[in-house]
Amino acid sequence: MSDTPALPAVSREWHLLSRPVGWPAPENFALVEAPLPEPGEGEVLVRNEYLSVDPYMRGRMSAAKSYVAPYELNQPMQGGAVGEVVVSRAEGIAVGDHVLHFGGWREYAAVDARHAVTVDPEAAPLSTYLGVLGMTGLTAYAGLLRTASFKEGDIVFVSGAAGAVGSQVGQLAKLKGASRVIGSAGSDEKVKLLLEEYGFDAAFNYKSGGSVGEQLRAAAPDGIDVYFDNVGGDHLEAAIGSLNRGGRIAVCGMISVYNNTEPAPGPRNLARLIQTRGRIEGFLVGDHYDLQPQFVREVGPWVRSGELKYRETVVEGVEHTLDAFLGVLRGENTGKMIVKL
């Protein structure tokens with residue numbers, strides 16, 4: 001590393017030591033010091049400035065077969081990150097450029113330039129490329145518009161609506177002409193946020209005030225056309241119960257069951273899909289990256305103008321990355337959970 005003498009000799013990175021059973025515990029993880037990685041040909045060395053922690057990472061901590069490979073034990077974990085290139089051995093990316101990549105959970109990462117996306121810190125704050133203009137935002141966009149086939153005039157219900165994805169789904173639906181948008185969240189404070197800041201027409205606290213089904217029927221007396229599912233469980237059953245004819249359900253996540261050690265029971269009212277000709281479809285954002293240019297073109301101006309609002313919960317320091325991740329699983333974040341290094 002003689003060309004960049006200011007770089008440290010070591011980088012701190014989080015390793016998975018053992019696979020959690022149920023809720024992850026601090027003893028499953030370790031923050032370790034490792035030699036600063038040396039980028040090979042076609043790679044760049046990135047000094048991470050912001051890291052993303054997301055609910056899907058819980059699945060990667062288990063050995064079970066899933067849509068993405070499990071984290072390896074005693075190796076650095078991975079996740080979305082954005083940072084500054086400090087050494088480049090790749091054409092097209094220069095020292096000083098900022099890139100979005102998946103070498104998160106660490107201070108420095110050697111990244112294959114083919115898997116790094118250059119981002120402009122002048123166009124939007126760097127942290128937004130992990131959230132509202134990043135994978136989080138694209139998840140909301142693809143799930144609502146492509147998977148749930150949203151159309152103007154639809155009544156839309158979003159669970160986990162104060163989270164990073166849910167809050168964007170509700171706002172996108174409003175901006176695109178939904179007749180009514182309803183959200184559920186886990187605290188009165190989050191419900192207030194949905195109504196006063198994000199412009200939802202109705203919202204309820206699923207932890208108080210009656211069953212999810214009762215509260216949804218009160219909030220959507222004319223039923224719902226689209227349900228964007230981040231929670232699963234009783235929310236999915238309630239949505240099926242309120243689904244209108246031709247209704248669509250896009251299954252993005254099921255945070256209510258991520259830490260279960262036994263399979264959760266399915267909705268008891270699936271027969272309603274026959275009456276309503278309803279549709280449930282799961283999706284993964286990775287299948288929809290073809291929408292990325294269209295998404296940034298359409299949503300970028302709304303973010304810059306303030307028409308699409310976003311919140312970030314920022315935790316400072318690589319040593320607090322695990323705390324931030326566990327906080328996401330407990331619902332302690334409002335909007336996107338970000339770790340600032």
Side-chain angles (χ1 to χ4, degrees), residues 55 131-133 136-145 147-236 238-244 247-253 255-256 298-299 302-303 305-313 331-337:
V132 68
L133 289 178
T136 306
L138 183 61
T139 301
Y141 188 87
L144 179 68
L145 301 183
T147 307
S149 308
F150 170 84
K151 58 187 186 298
E152 195 174 340
D154 277 346
I155 301 169
V156 177
F157 172 45
V158 188
S159 58
V165 172
S167 60
Q168 199 154 343
V169 171
Q171 291 182 87
L172 285 173
K174 290 293 285 185
L175 286 163
K176 288 190 154 286
S179 61
R180 187 167 176 79
V181 175
I182 301 112
S184 77
S187 73
D188 292 342
E189 184 186 26
K190 288 180 178 179
V191 166
K192 190 176 173 195
L193 181 74
L194 294 177
L195 297 170
E196 295 180 4
E197 187 164 330
Y198 294 142
F200 280 61
D201 297 294
F204 59 86
N205 181 349
Y206 68 86
K207 292 180 179 174
S208 63
S211 73
V212 176
E214 289 166 354
Q215 295 198 78
L216 179 58
R217 281 192 295 277
D222 297 322
I224 60 171
D225 303 302
V226 167
Y227 171 47
F228 193 104
D229 189 15
N230 290 307
V231 174
D234 53 357
H235 281 73
L236 181 55
I240 293 169
S242 283
L243 206 62
N244 289 331
R248 290 87 64 205
I249 294 173
V251 182
C252 175
I255 200 166
S256 68
E298 186 169 17
V299 176
W302 285 334
V303 172
S305 70
E307 288 173 272
L308 198 151
K309 297 174 173 62
Y310 66 95
R311 285 278 188 104
E312 292 174 341
T313 301
E332 291 169 4
N333 57 306
T334 301
K336 184 78 185 79
M337 182 71 92

Any non-hydrogen side-chain atom of [X] less than 4.5 Å from a side-chain atom of [Y]?
{"X": "Lys176", "Y": "Leu145", "answer": "yes"}
{"X": "His235", "Y": "Ser184", "answer": "yes"}
{"X": "Tyr227", "Y": "Leu236", "answer": "yes"}

| message | The test is side-chain contact (heavy atoms from CB on, under 4.5 Å); show your working for Leu243 and Ile224 and say whether it passes. | response | CA-CA 5 Å; Leu243 206 62; Ile224 60 171; 4.1 Å; yes
Which atoms form the tightest heavy-atom contact between [X] and [Y], and what is the distance?
{"X": "Ala185", "Y": "Leu194", "result": "CB-CD1, 4.1 Å"}
{"X": "Gly143", "Y": "Ala250", "result": "O-CB, 3.7 Å"}
{"X": "Ile182", "Y": "Phe204", "result": "CG2-CE2, 4.1 Å"}
{"X": "Val181", "Y": "Ala173", "result": "CG2-CB, 3.9 Å"}
{"X": "Phe150", "Y": "Ala178", "result": "CZ-N, 3.6 Å"}
{"X": "Tyr206", "Y": "Val212", "result": "CB-CG2, 3.9 Å"}

Roughly how far, to the nearest 0.5 Å, is the [atom2] atom of [Y] from the [atom1] atom of [X]?
{"X": "Ser187", "Y": "Glu332", "atom1": "OG", "atom2": "CD", "result": "11.5 Å"}
{"X": "Thr147", "Y": "Asp229", "atom1": "OG1", "atom2": "CG", "result": "12.5 Å"}
{"X": "Ile249", "Y": "Ile240", "atom1": "CD1", "atom2": "CD1", "result": "4.5 Å"}
{"X": "Asn333", "Y": "Thr313", "atom1": "CG", "atom2": "OG1", "result": "5.0 Å"}

| request: Apply ring-ring contact (aromatic ring centres under 6.0 Å, His included) to Tyr198 and list each qualifying residue two or more places apart in sequence or on a separate chain. | output: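 Expected list: none.
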| said: Show me the pairs that pass side chain to side chain donor-acceptor pair (under 3.5 Å) and involve residues 161-175, at least two apart or across chains. | reply: Lys174-Asp201
Do any pairs count as a salt bridge (charged side-chain N to carboxylate O under 4.0 Å, His left out) and have a residue in [range], sequence neighbours left out, and if so which ones?
{"range": "residues 155-167", "answer": "none"}
{"range": "residues 177-198", "answer": "Glu197-Arg311"}
{"range": "residues 212-222", "answer": "none"}

| field | Residues that Ser149 engages under side-chain contact (heavy atoms from CB on, under 4.5 Å), provided they are two or more places apart | value | Arg248, Arg279
| request: Would you please test Asp234 and Ser211 for side-chain contact (heavy atoms from CB on, under 4.5 Å) and show each step? | output: CA-CA 8 Å; Asp234 53 357; Ser211 73; over 6 Å; no
| Do side-chain atoms of Ser242 reach the backbone of Ala239 as a donor and acceptor pair under 3.5 angstrom? |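 No: the side chain of Ser242 does not pair with the backbone of Ala239.
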| query | Please walk me through it: do Leu138 and Val299 pass side-chain contact (heavy atoms from CB on, under 4.5 Å)? | reply | CA-CA 9 Å; Leu138 183 61; Val299 176; over 6 Å; no
| Verdict with reasoning, Thr136 to Val132, per side-chain contact (heavy atoms from CB on, under 4.5 Å) | CA-CA 6 Å; Thr136 306; Val132 68; over 6 Å; no
